[in-house]
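First comes the structure, then the notes that go with it.
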Amino acid sequence: MTAASRLAVELPGLNLKNPVMPASGCFGFGDNRYAEMFDLNELGAIIIKAATLKPRAGNPVPRIAETTSGVLNAVGLQNPGVDVILREKLPVLHQKYPTLPVVANIAGATQAEYVEVAKRMSASGMVSALELNISCPNVHEGGMLFGTDPQIAQQLTKAVKEVSQVPVYVKLSPNVTDIVAIAQAVAAGGADGLSMINTLLGMRIDLNSRKPILGNKTGGLSGPGIKPIAVRMIYQVSRAVDLPIIAMGGIESAADVLEMYMAGASAVAIGTAHFNNPTACPDIIKALPSKMEDLKINSLSELIAEVRGGYPNDD
Amino acid sequence: MTAASRLAVELPGLNLKNPVMPASGCFGFGDNRYAEMFDLNELGAIIIKAATLKPRAGNPVPRIAETTSGVLNAVGLQNPGVDVILREKLPVLHQKYPTLPVVANIAGATQAEYVEVAKRMSASGMVSALELNISCPNVHEGGMLFGTDPQIAQQLTKAVKEVSQVPVYVKLSPNVTDIVAIAQAVAAGGADGLSMINTLLGMRIDLNSRKPILGNKTGGLSGPGIKPIAVRMIYQVSRAVDLPIIAMGGIESAADVLEMYMAGASAVAIGTAHFNNPTACPDIIKALPSKMEDLKINSLSELIAEVRGGYPNDD
Amino acid sequence: MLTKSDMRIIAQEELAPSIYRIVLYGKFDYAQARPGCFVMLKLPDGTYQLRRPLAIAALAPLQETITLIYRVVGDGTHLLQQTAVGAQLNILGPLGNGFPIENVESTENVLLVGGGTGVPPLMLLAQALKDKGCKVTTAIGFRTAALIFGEKEFEDNGQLLLATDDGSKGFQGNVGQLLATQPEQTYTKVYACGPNGLLQMVQTRFAGTTAEIYLSLESRMACGVGACEGCVVSTKDGTYNKRVCVEGPVFNGREVRL
Amino acid sequence: MLTKSDMRIIAQEELAPSIYRIVLYGKFDYAQARPGCFVMLKLPDGTYQLRRPLAIAALAPLQETITLIYRVVGDGTHLLQQTAVGAQLNILGPLGNGFPIENVESTENVLLVGGGTGVPPLMLLAQALKDKGCKVTTAIGFRTAALIFGEKEFEDNGQLLLATDDGSKGFQGNVGQLLATQPEQTYTKVYACGPNGLLQMVQTRFAGTTAEIYLSLESRMACGVGACEGCVVSTKDGTYNKRVCVEGPVFNGREVRL
Ligand SMILES: Cc1cc2nc3c(=O)[nH]c(=O)nc-3n(C[C@H](O)[C@H](O)[C@H](O)COP(=O)(O)OP(=O)(O)OC[C@H]3O[C@@H](n4cnc5c(N)ncnc54)[C@H](O)[C@@H]3O)c2cc1C
Ligand SMILES: Cc1cc2nc3c(=O)[nH]c(=O)nc-3n(C[C@H](O)[C@H](O)[C@H](O)COP(=O)(O)OP(=O)(O)OC[C@H]3O[C@@H](n4cnc5c(N)ncnc54)[C@H](O)[C@@H]3O)c2cc1C
Ligand SMILES: Cc1cc2nc3c(=O)[nH]c(=O)nc-3n(C[C@H](O)[C@H](O)[C@H](O)COP(=O)(O)O)c2cc1C
Ligand SMILES: Cc1cc2nc3c(=O)[nH]c(=O)nc-3n(C[C@H](O)[C@H](O)[C@H](O)COP(=O)(O)O)c2cc1C
Ligand code: FES
Ligand code: FES
């Protein structure tokens with residue numbers, strides 16, 4: 001088996017040479033200086049920042065706070081709106097990296113908005129899949145609500161699926177009592193895959209002012225501290241729902257990637273790790289083959305088959 | 001104001017010289033070697049390991065796994081049962097430290113079991129308050145279910161309150177979509193206070209065996225990595241429910257204690273921090289006055305009044 | 001091309017209470033570093049997920065060193081202070097646009113205004129402007145005499161006006177009050193870095209003049225490279241449309257909203 | 001009274017691939033430390049919430065040093081290996097019951113059985129038993145000759161029987177097979193430490209003899225002091241009623257269930 005095919009994975013709409021992609025919101029639209037540090041063609045794919053129908057100014061600053069082994073962010077889906085993204089951002093990305101698969105994260109305050117953004121985005125010919133963000137903890141309308149009520153989540157998924165010309169991954173919120181129920185609902189709504197987890201709702205307080213640090217008070221917690229929660233949710237969901245999962249939540253290393261696979265993932269996304277290590281994605285891609293060799297893993301696709309094929313027997 | 005009265009706080013049943021107590025499950029019944037390292041009389045109080053009606057053998061090992069800035073445990077409420085605790089454990093504790101307030105954590109698989117344990121425990125004359133554990137993620141019956149359904153939580157609280165001769169604190173699970181709804185329910189059920197948060201459900205997988213590390217597969221995540229989630233939940237609940245909160249979740253320092261107060265806490269418990277620092281409790285108690293001075297906090301009771309009195313205005 | 005590299009701490013000294021100068025040796029893109037640029041420094045402990053932004057206070061391309069001057073304010077800077085000479089630190093940079101000085105002429109009369117930890121980037125700027133031949137006046141303020149640093153550097157590169165809140169050295173009062181006592185002058189450019197209050201004072205005071213005003217801002221950053229939208233600031237239109245890390249940290253003082 | 005104290009690393013050396021000996025200097029409750037006791041070592045990085053249990057391999061009360069021997073198996077031991085001589089490590093201990101040797105007579109014939117990282121506590125034990133005047137036989141096994149350590153220590157204190165899986169030194173095979181080749185002997189006590197397979201072999205092999213059997217176990221620990229119920233092991237009744245950290249790590253081999 002060649003090194004290349006060991007890392008290759010196939011998911012709906014995403015034929016990836018390796019499973020590693022920057023997570024939404026942590027790599028903009030590829031239009032940032034991380035892109036000077038390595039060739040984005042090395043990536044499996046890229047997930048771009050959330051797009052909404054209208055431009056969004058986002059939340060007041062401070063938007064970032066640090067926690068022990070974690071980061072809180074309350075960016076609030078700042079973005080120039082789907083039309084500007086389609087006119088100015090994606091063409092640049094597409095032209096520079098014509099073969100790099102792009103996953104477009106989309107968000108909205110109403111179902112109609114989601115549907116409209118999905119329609120325009122998926123028709124652009126520049127994205128391989130949509131990532132339906134029903135889990136943003138940082139906006140007051142919509143956002144997370146769509147991700148905490150199974151029925152609403154199912155309806156939304158169905159409506160977006162009806163208009164989308166590319167496969168739809170639904171990004172789940174971890175801020176729920178029963179993640180499996182939500183996953184089953186969006187599966188019933190026709191989702192092609194899942195993406196999990198989004199951030200956990202958290203807060204830090206500034207001891208001097210005695211007030212929350214973030215302008216938005218609460219923010220989304222990401223980073224290595226939340227990885228065990230992500231692993232648990234992916235493990236539970238992958239046993240209950242027959243959809244591929246793009247895993248994220250604290251991944252920093254090739255070992256973390258393989259732990260996600262053993263939990264039930266089919267691909268991975270890297271967010272917070274960029275902040276300490278701007279070349280986290282290519283570093284992980286490079287480290288994967290030898291880590292796999294250590295662990296006697298022949299290829300990722302075989303690992304997926306082993307893990308997800310083994311379910312009926314191992315509980 | 002004397003140093004002593006700066007740290008004193010008064011909660012239902014708990015007249016504490018300082019607000020710091022070891023969290024349930026991390027200090028046994030005081031019958032461990034941490035107790036050789038400092039005088040337990042320095043503590044504000046002690047919360048003892050969960051008691052159930054019958055002895056419980058607990059979960060298979062491994063029961064402990066480490067995560068980045070966190071610990072997973074799946075002890076599974078191992079304990080010798082309420083009668084042995086009342087006969088052998090509490091008398092020893094009480095005799096050695098006659099003035100140390102004891103909070104008894106109680107658990108059960110059915111409402112009847114909770115009620116029976118509460119009855120016996122609270123009648124013993126050796127405990128100042130009960131901590132109703134409706135949030136243990138490590139047992140398959142009961143445990144967490146009581147903490148995720150508001151109606152069940154309310155009924156249970158009411159039933160326990162009816163028999164308890166001491167105030168009842170309900171320990172909430174963070175593994176829920178809406179912590180405020182649960183808090184309101186147990187308040188309606190007559191709880192005297194809240195205790196939050198219990199652990200978040202997590203998992204780690206061993207890369208060599210490709211199986212979960214813990215014998216119980218999933219475990220409860222504690223430690224500094226979860227502190228921002230605890231702060232957020234305490235902030236939300238303290239604004240919605242007029243009950244004192246014993247705060248826990250990743251507290252390691254005097255600064256962390258004050259952050260919990262600014263979120264809305266009235267007292268604190270320390271769990272995981274013991275493992276790195278066996279004298280975490282007395283160290284924090286010693287550090288509090290000067291940290292308070294730095295931040296111009298006159299006394300903890302004034303801080304509580306400021307934070308919880310300020311609510312109508314600050315949102 | 002942006003790079004990150006491990007640099008070795010070759011010196012670390014206290015300049016004033018809580019203020020430290022740290023000198024780092026090693027590979028760095030010296031050619032791209034301009035006054036006002038910053039680096040994102042990775043802390044040597046895995047609990048920290050965010051690098052810390054610090055301005056470049058001095059550059060010595062031939063010796064292959066950069067100098068940072070920082071105040072211990074929280075856990076990260078405390079850890080940095082505890083880190084021994086000889087240790088390696090990972091440095092991402094140079095970052096940010098820096099102060100615009102390409103078009104400054106040797107005949108210009110420029111003013112630098114700073115306070116507290118806003119002073120370090122002005123040190124590199126003063127030297128660069130002096131090298132261009134400009135007349136450089138620097139007005140900096142500190143709480144008290146014991147906290148002063150950078151005096152010699154600014155005096156070497158022009159005129160230094162010092163203020164302390166308690167009058168223990170130089171003018172008694174803040175920099176704004178100090179400037180008010182100075183004879184009216186025509187500065188062509190005013191560069192400022194420091195607390196928001198100081199920057200607002202500069203905005204107000206020079207609004208009616210013809211001086212170009214450049215303000216260097218601070219903001220909580222996650223990436224430092226324009227990837228996360230964490231560090232934004234609003235300009236005239238009121239939306240948070242500028243990222244301090246890439247479109248800044250230096251902004252046109254007539255456009256930015258503080 | 002149990003104490004924790006900062007001890008300084010005064011030596012760290014590789015004994016065999018991935019096996020390191022680290023010597024710590026400083027305050028320690030030397031009087032309470034017995035063979036088979038362990039310490040909980042705090043790792044020098046805040047991301048780790050758990051101390052690491054390591055057996056005491058040697059003690060020098062007069063020089064005020066303790067020696068630990070560890071294998072690099074994961075992140076924590078890797079970090080320990082990277083920690084420089086001169087650094088401080090916080091040590092909690094001594095912990096655990098240790099091997100019972102109070103009642104051992106000078107006339108006794110005792111057997112020590114170990115493998116891999118089960119060997120270090122036996123080093124201290126061999127010395128203590130030799131000091132008592134007993135006849136000590138030690139049977140230890142390694143994967144291959146390159147991984148052997150402790151040879152000299154055991155030879156100094158009695159007879160050493162060596163096994164390697166690949167036969168590159170000593171007997172070819174595991175310790176169980178090695179013992180099977182030995183002439184029948186009457187040991188009064190058998191002490192063992194190592195992987196579960198080795199301990200089970202010892203249980204089985206000496207079940208029919210009159211020897212007292214003591215097995216030192218490993219378990220994932222959070223507190224190390226009996227506070228968390230994390231490290232339990234089951235004895236005859238099948239419930240997890242013994243804590244490895246306080247009722248162990250050494251258990252009566254005829255009672256413990258492996
Ligand atoms: C472009 C730029 C240049 C800077 N240059 C200097 C300099 O030369 N010297 C100097 O002393 N300080 C400088 N600062 C401020 C410096 O970054 C903070 O003081 C430092 O990050 C505090 O870290 P900490 O861990 O000690 O504090 P903590 O409060 O524990 O930090 C927690 C988080 O908040 C962030 N943070 C806290 N205070 C600030 C702040 N004032 N600005 C931005 N982020 C903050 C930290 O980076 C970290 O992510 C600069 C900031 C920016 C944005
Ligand atoms: C009483 C006792 C004495 C020991 N003495 C020695 C010794 O002298 N030399 C030696 O090399 N090893 C010894 N061990 C094993 C040693 O504790 C582990 O190898 C070490 O903790 C691994 O840490 P890590 O961070 O490198 O591994 P990781 O796998 O990253 O550790 C993760 C967690 O699992 C725990 N863990 C992993 N493996 C073990 C294990 N085998 N036993 C217990 N906990 C484990 C760690 O302590 C940590 O909490 C002893 C264990 C016990 C219980
Ligand atoms: C600064 C920041 C911005 C983010 N923005 C988005 C977003 O726009 N849409 C989205 O679905 N998730 C967003 N996320 C969540 C990440 O995509 C990811 O799900 C989460 O951070 C967990 O992964 P990590 O621990 O690797 O960061 C953001 C995260 C961060 C840290
Ligand atoms: C080993 C261990 C055992 C625990 N056992 C209990 C328990 O019996 N009952 C309970 O209510 N909480 C139990 N907890 C939860 C703690 O009391 C506390 O709520 C939680 O760990 C968060 O605090 P921390 O981060 O300071 O540890 C346990 C936690 C740990 C780590
Ligand atoms: S810090 Fe990320 S965009 Fe500026
Ligand atoms: S490790 Fe906590 S009881 Fe043994």
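Below, read A as the first sequence line, B as the second, and so on, with proteins coming before strands; counting in each chain starts at 1. Predicted model, so just to flag it, every value in this text is computed and none were measured.
Defined by atom type and a distance below 3.5 Å, a donor-acceptor pair is missing between the side-chain atoms of C:Lys42 and A:Asn277.
Comparing C:Thr3, C:Asp45, C:Val232 by heavy-atom pairs within less than 4.5 Å of chain A, the highest count is held by C:Val232. When the candidates C:Gly226, C:Ala222, C:Cys245 are compared by the number of heavy-atom contacts under 4.5 Å with chain A, C:Ala222 comes out ahead. In terms of non-hydrogen atom pairs under 4.5 Å with chain C, the most contact-rich of A:Pro60, A:Pro80, A:Ala65, A:Ser222 is A:Pro60. Options C:Val233, C:Asn241, C:Leu95, C:Thr47 differ in how many heavy-atom pairs under 4.5 Å they form with chain A, and the most are formed by C:Thr47. Counting heavy-atom pairs closer than 4.5 Å to chain C, the top residue among A:Gly223, A:Gly58, A:Pro224, A:Ala273 is A:Pro224.
Proximity to chain C (any heavy atom under 4.5 Å) is shown, for A:Thr279, by both the backbone and the side chain. No part of A:Pro22 comes within reach of chain C, as not one of its non-hydrogen atoms sits under 4.5 angstrom from that chain. Both the backbone and the side chain of A:Tyr34 come within contact range of chain C, with heavy atoms under 4.5 Å apart. With a 4.5 angstrom heavy-atom cutoff, C:Met221 touches chain A only via backbone atoms.
Residues A:Asn276 and C:Leu50 fail the side-chain proximity criterion, which asks for heavy atoms closer than 4.5 Å. Residues C:Gln49 and A:Glu252 have side chains in contact (heavy-atom distance under 4.5 Å, counting atoms from C-beta outward). Side-chain atoms of A:Asn32 and C:Val246, non-hydrogen and from C-beta on, never get closer than 4.5 Å to each other. In this structure, C:Cys228 and A:Phe275 have side chains that are in contact, with non-hydrogen atoms separated by less than 4.5 Å. Between A:His274 and C:Cys223 there is no side-chain heavy-atom pair separated by less than 4.5 Å.
Annotation for A:Pro278 and C:Lys4: closest pair CD-CD, 3.8 Å, computed over non-hydrogen atoms. Considering all non-hydrogen atoms of both residues, C:Gly46 and A:Ser69 come closest at O-OG, 4.2 Å.
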- From CA spacing to verdict: salt bridge (charged side-chain N to carboxylate O under 4.0 Å, His left out), C:Glu229, A:Arg56: CA-CA 12 Å; C:Glu229 304 286 351; A:Arg56 277 186 64 100; over 6 Å; no
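The only option from A:Leu214, A:Val61, A:Ile213 that meets the side-chain contact (heavy atoms from CB on, under 4.5 Å) definition with C:Arg220 turns out to be A:Ile213.
Put simply, the side chain of A:Glu36 gets close to the backbone of C:Leu2: a donor and an acceptor are under 3.5 Å apart.
Within a 6.0 Å sphere centred on CZ of A:Phe38, other residues, nucleotides and ligands contribute more than 12 heavy atoms. In this structure, C:Glu102 places its CD atom where more than 12 heavy-atom neighbours from other residues, nucleotides or ligands lie under 6.0 Å away. Atom CZ of C:Arg71 has 12 or fewer heavy atoms from other residues, nucleotides or ligands within 6.0 Å.
Ionic pairing of C:Arg52 and A:Glu66 is present here: one or more N-O contacts between side-chain nitrogen and carboxylate oxygen are shorter than 4.0 angstrom.
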